[in-house]
Amino acid sequence: MKLTRNGIKEAAPWNEAGIMLPSYDAEKLAADTKKAPVWVHFGAGNIFRIFIGGLADRLISEGASSKGITCVETFDFDVIDKIYKPYDNLVLAVTLKADGSTEKQVIGSLTEAIKAQSFVPANWNRLKEIFADPGLQMISFTITEKGYALQGPDGNFFPFIRADIEAGPEKPSSAMAVACSLLFERYKAGKAPLAVVSMDNCSHNGEKLQRSVLTMAKEWEKKGFVSADFVAYLSDERQVSFPWSMIDKITPRPADSVCTELKKLGIEDMDPVITSKKTYIAPFVNAEGPQYLVIEDKFPNGRPALEKAGVYMTDRDTVNKVERMKVTTCLNPLHTALAVYGCVLGYTLIADEMKDEQLNKLVHQIGPVEGMPVVTDPGILSPKDFVDEVINVRIPNPFMPDTPQRIATDTSQKVGIRYGETIKSYVAQYGDAKKLTAIPLAIAGWCRYLLAVDDNGNAFELSPDPMLPELKKKLEGIKVGKPETYKGQLKEILSNANIFGSDLYAAGIGERIEALFLEEIAGPGAVRATLKKYLA
């Protein structure tokens, strides 16, 4: 059994293995899409392949669309050579269910795969041809948040961005320069409208994408490469729109257990590869079942019937509310609490933490109990149902190989939105946040985690975080097992509005967090004892 267009023509062994095949002619779909593309996607990685590709596959299967997606890779060209071309752009999608079973299907909606190489005429001319086609309706992105970044913390353009600015639209290399250059081709070909849609998991993603594309265009205008009229074209959302979106689906790296299962079924060449850019990727993609995509419905040239594949099409305000619901109440705060306490209590799998009585109680308290009174209700999704699914289905799924150590990365950059917003809402509603117990416990747990000593007294490695040097310096002198070494070192952290969005002492919970932290450094087992005491 080979994952190729010829390989799936012999359907019997695939059916016997319980693998669903495309109900449509994948070769005809590819040919039709190549003639008249409607959807181009930048960023050919895992979440795109299983989630976005899966949406298109469903539309095609149900007769709601006759076109696939043209895939463009801007960063890791090995992905095209090693994962797309040998498999005729087919994807073996594996859904990991909480009961240990899997659902498997071949996705055939990814019809053409192109490297965004301006220095390779065949690739670049093909992209220019696609963007000149007035029938193109949308381009979308999953390139991660850093793919939109043009400047460093000092405000200066990164060297590779500066090189793209100097080179102009003929020879772009970075994702944003490539996108801007191809939009310039569309402008020159007749100014046909287009939707430019970020589907990356970051706040106000459409705004970030728009700002970066416009910045590149304005820098080129200064150099005389493009006209002011091109900048005006990009700035007019009736012609080029930048819808906001919220995406949610946990898609971990390819699992060895899944690879083994597929090989046992007789499918050839399923081994993951590590590319020269250190991407860990396989011909298959494994992911959880639950998924959410909410998009601002602003498509000036029409769009696929995405709502028929389960996408919520709505307005910008609602997109913002869904993201706020997820990030401040229903998912991210729970993940962060499990991450920091998981590291301190010696866990290496998030799912295992949900079997821990105290940690299970902690996330129930943070979300359904303390978060719900001030949750942002977007109207299109029930916050209660969302958080119930997170706690009872998504986080406990033992077949999702996610670790507290990964989720603990960059926590200083996350606590302000994940806890700070709820704290501010309590202050606004009740005058202070003194009603809260679990959220102060989560913040105390993060501070305890920063000591890099587990609950047995053993040292462990902290996950990467840009503030680690500063935070560790502020905590100097504190020794686990010697509470007398605490001399108020947390005060500068807890009062820092840049971290939490407000001064936690002014919110009425700074002293409480200090007291909880003091209990957690009493000695070996003190973290566990503190959790038991306050979550009884």
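Index from 1, following the sequence.
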Looking only at the side chains, is there a donor atom on one of [X] and [Y] sitting less than 3.5 Å from an acceptor on the other?
X: D99; Y: S101; answer: yes
X: K208; Y: N205; answer: no
X: T144; Y: K146; answer: no
X: N123; Y: R126; answer: no
X: S174; Y: D164; answer: yes
X: N89; Y: T111; answer: no
X: Y187; Y: D229; answer: yes

Does [atom1] in [X] sit with more than 12 non-hydrogen atoms of other residues, nucleotides or ligands closer than 6.0 Å?
X: D315; atom1: CG; answer: yes
X: M467; atom1: CE; answer: yes
X: K128; atom1: NZ; answer: yes
X: K277; atom1: NZ; answer: yes

Are the side chain of [X] and the backbone N or O of [Y] linked by a donor-acceptor pair below 3.5 Å?
X: K67; Y: A36; answer: yes
X: S245; Y: I295; answer: no
X: R186; Y: F131; answer: yes
X: Y233; Y: A192; answer: yes
X: N286; Y: T95; answer: no
X: W14; Y: G7; answer: yes
X: Y312; Y: V322; answer: no
X: S212; Y: Y148; answer: yes
X: K308; Y: R58; answer: no

Side-chain touch [X]/[Y], heavy atoms, less than 4.5 angstrom:
X: D57; Y: Q105; value: yes
X: D297; Y: E307; value: no
X: F157; Y: I165; value: yes
X: S109; Y: L59; value: no
X: T403; Y: T348; value: no
X: H41; Y: C71; value: no
X: V273; Y: I281; value: yes
X: L96; Y: V258; value: yes

Hey, are [X] and [Y] close enough for a salt bridge, meaning a charged N less than 4.0 Å from a carboxylate O?
X: R394; Y: D248; value: yes
X: E185; Y: K188; value: yes
X: K414; Y: D410; value: no
X: E323; Y: K326; value: no
X: K263; Y: D271; value: yes
X: R162; Y: E166; value: yes
X: E27; Y: K9; value: yes

Open item on the list: As an exercise, state the distance from CD of E288 to CD1 of I50, rounded to the nearest 0.5 Å.
Closed with: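 So the gap between those two atoms works out to 10.0 Å.
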Task: CD-CG distance between Q239 and N301, expressed to the nearest 0.5 angstrom - done: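 Rounded to the nearest 0.5 Å, the CD-CG separation comes out at 11.0 Å.
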Open item on the list: As a quick check of understanding, evaluate side-chain hydrogen bond (donor to acceptor under 3.5 Å, both in side chains) for T251 and K249, giving each step before the final call.
Closed with: CA-CA 6 Å; T251 309; K249 184 179 182 74; 6.0 Å; no
Open item on the list: Tell me if the centroids of the rings in F184 and F225 come within less than 6.0 Å of each other.
Closed with: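 Centroid separation for F184 and F225: 6.0 Å or greater.
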Open item on the list: Could you report the tightest heavy-atom contact between S235 and L214, atom names first, then the distance?
Closed with: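 Nearest pair, atom of S235 first, then L214: OG-CD2, 3.4 Å.
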Task: Where V213 and C180 come nearest, the two heavy atoms and their spacing - done: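 In terms of heavy atoms, the two residues are closest at O-SG, 3.6 Å.
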Open item on the list: Applying the ring-ring contact (aromatic ring centres under 6.0 Å, His included) criterion to F141, which one of F242, F42, F48, F75 satisfies it?
Closed with: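 Testing each of F242, F42, F48, F75 against F141, the sole residue satisfying ring-ring contact (aromatic ring centres under 6.0 Å, His included) is F42.
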